[in-house]
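Atoms considered below: every heavy atom in the structure, side chains included; atoms not considered: hydrogens, waters and symmetry mates. For reference, positions follow the sequence shown, starting with 1. In each ligand, atom 1 is the first atom listed, and ligand 1 is the first ligand listed.
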Amino acid sequence: MASPSDSADSRVIRRRKGPAFEYLVPLVYAPVLPLIRIALRHKPVLRDRLFYGVLAGAFAHGTYLVTDLYDAESNEVTCPGRACFAPILTAQFQNLTSLRILDLGSNHLIGKDLMLLSHLSSLEFLSLGGNDFQANNWFREITKVPSLKELDLSGCGLSKFVPSPAVVNVTRFSSLKKLYLQKNVLNGVFMERLGQVSSLEYLDLSDNQMTGATISDVLPSWFSDLPPNLKILNLSNNHISGRVSEYIVNKQDYMVIDLSSNNFSGPLPLVPTNIQIFYLRKNQFSGSVSSICKSTIVAATSLDLSHNQFSGELPDCWMNIGNLAVLNLAYNNFSGKVPPSLGSLTNLEALYIRQNSFSGMLPSFSQCQLLQILDLGGNKLTGRFPVWIGADLLKLRILSLRFNKFYGSMPSLICQLQFLQILDLSANRLSGKIPSA
Ligand SMILES: *[C@@H]1O[C@H](CO)[C@@H](O)[C@H](O)[C@H]1NC(C)=O
Ligand SMILES: *[C@@H]1O[C@H](CO)[C@@H](O)[C@H](O)[C@H]1NC(C)=O
Ligand SMILES: *[C@@H]1O[C@H](CO)[C@@H](O)[C@H](O)[C@H]1NC(C)=O
Ligand SMILES: *[C@@H]1O[C@H](CO)[C@@H](O)[C@H](O)[C@H]1NC(C)=O
Ligand SMILES: *[C@@H]1O[C@H](CO)[C@@H](O)[C@H](O)[C@H]1NC(C)=O
């Protein structure tokens with residue numbers, strides 16, 4: 001069930017400026033090109049993302065393409081069913097040797113091969129994302145376009161990978177930096193070859209069918225085949241079990257790792273030194289997290305360990321991760337006191353420790369003046385209602401102390417929290433009057 005605080009969490013994360021966002025800006029080089037934009041805007045067949053750039057030399061072909069398919073009267077592109085994709089991409093595109101950017105994403109194109117690619121010898125950005133396009137030769141074909149820097153094949157129904165080592169010369173393929181393969185039905189078999197693409201920095205394989213080893217305590221065998229220079233890796237929403245091995249740890253260049261919603265188990269892996277975003281949410285990790293003190297992860301801004309089986313006391317070393325803005329430890333089995341060093345995180349914007357067994361008094365969070373979300377529900381915390389909440393946390397939007405053992409009266413300072421949207425103090429031992437401003 002999505003709780004209000006869960007969605008607030010993602011809001012905070014989205015607001016952060018990090019590599020994830022830098023990498024989402026697809027076409028930083030676009031303004032440099034003498035672009036002629038041929039926009040085909042019509043509903044519902046083609047949405048307004050069709051052709052971005054065709055250089056002057058290729059313009060005539062581009063025009064053919066438009067006039068062939070675009071019916072000005074009906075304001076629609078006529079695409080004769082399944083036949084559409086092949087003619088566009090093979091015959092018409094064959095001579096577009098100057099084409100650098102081709103965005104056909106989010107349409108209804110259909111096709112079985114990517115043979116045309118070998119003609120597009122200048123192509124740097126290609127998106128076919130969101131088309132029902134099941135080309136199993138995708139990997140072989142993209143390796144024929146050494147200029148390709150960014151490839152989006154997300155949501156294309158890709159299931160198989162037909163390796164053809166004789167044809168694929170991966171070493172030629174040294175420009176590709178970003179590869180979007182999310183929302184397909186891929187499994188791990190192509191990793192060995194993908195791992196040779198040493199230029200690759202961004203790999204999104206979320207929402208696929210990636211699995212781990214069959215023996216549960218062995219790392220997924222393809223983990224060692226991940227491209228060596230990755231900085232951003234998204235493997236969320238797969239079926240991977242096994243332990244996260246040293247492979248990730250040894251690659252200190254990682255800035256973003258998202259392993260959420262898998263079946264990983266074992267202890268908390270050592271966190272890579274340069275990490276900024278590290279998500280292990282919704283797995284089967286267990287044991288203590290005290291090893292986090294051994295990592296020097298000063299750059300980390302967002303850690304999500306929620307929905308696992310971590311247990312034991314939290315270490316008191318959080319001052320070493322002073323950039324932390326979002327810390328999610330909810331839905332685990334942590335116990336003991338909330339360590340005072342958490343209160344030294346002056347950049348903290350969201351803290352979730354909901355549904356654990358924390359006990360004792362809360363340390364002061366009065367230095368965490370950027371806090372917007374403080375979710376402490378479902379623990380065994382006690383003490384008077386903390387005065388610093390109303391006095392210092394003036395940016396609070398969500399405050400939950402529900403199901404704890406706080407007692408005493410609510411300080412009237414709480415009326416200062418003008419941004420408060422959710423206030424849940426239920427199931428405590430609070431008494432006295434409700435303050436009025
Ligand atoms: C591509 O170029 C060749 C040689 O210039 C020409 O013969 C051929 O007809 C062109 N193909 C298309 C589809 O325009
Ligand atoms: C692959 O391409 C590289 C660079 O173009 C070349 O040096 C190498 O010999 C090729 N390997 C094979 C097996 O063709
Ligand atoms: C990873 O992918 C999932 C699903 O596509 C997305 O919701 C999530 O935000 C991504 N993670 C990061 C760190 O960008
Ligand atoms: C998850 O991993 C455990 C071992 O840690 C294994 O017993 C279980 O079958 C796995 N579940 C799935 C759905 O893969
Ligand atoms: C949580 O930890 C306690 C000990 O602190 C243990 O008795 C209990 O079984 C654990 N619960 C789960 C669900 O792991």
Might you point out which heavy atoms bring [X] and [Y] nearest each other, and give the distance in Å?
X	Y	result
Asn208	Val185	OD1-N, 3.3 Å
Leu371	Ala350	CD2-N, 3.8 Å
Asn404	Gly377	ND2-CA, 3.8 Å
Asp424	Arg402	OD2-NE, 2.7 Å

Exercise. Tyr180 and Tyr202: aromatic ring centres closer than 6.0 Å?
Worked result: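 Ring-ring flag for Tyr180/Tyr202: true, centres closer than 6.0 Å.
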
For this session: Applying side-chain hydrogen bond (donor to acceptor under 3.5 Å, both in side chains), run through Ser206 and Asn237 and close with a yes or a no.
Result: CA-CA 6 Å; Ser206 59; Asn237 286 308; over 6 Å; no

Short list, please: which atoms of ligand 3 are under 4.0 Å from a heavy atom of [X]?
X	result
Tyr279	13 (C)
Asp207	4 (C), 5 (O)
Val256	13 (C)
Asp258	1 (C), 8 (C), 10 (C), 11 (N), 12 (C), 13 (C)

Check whether any N or O atom of [X], backbone or side chain, sits under 3.5 Å from an N or O atom of ligand 3, and answer yes or no.
X	value
Ser206	yes
Asp204	no
Asn234	yes

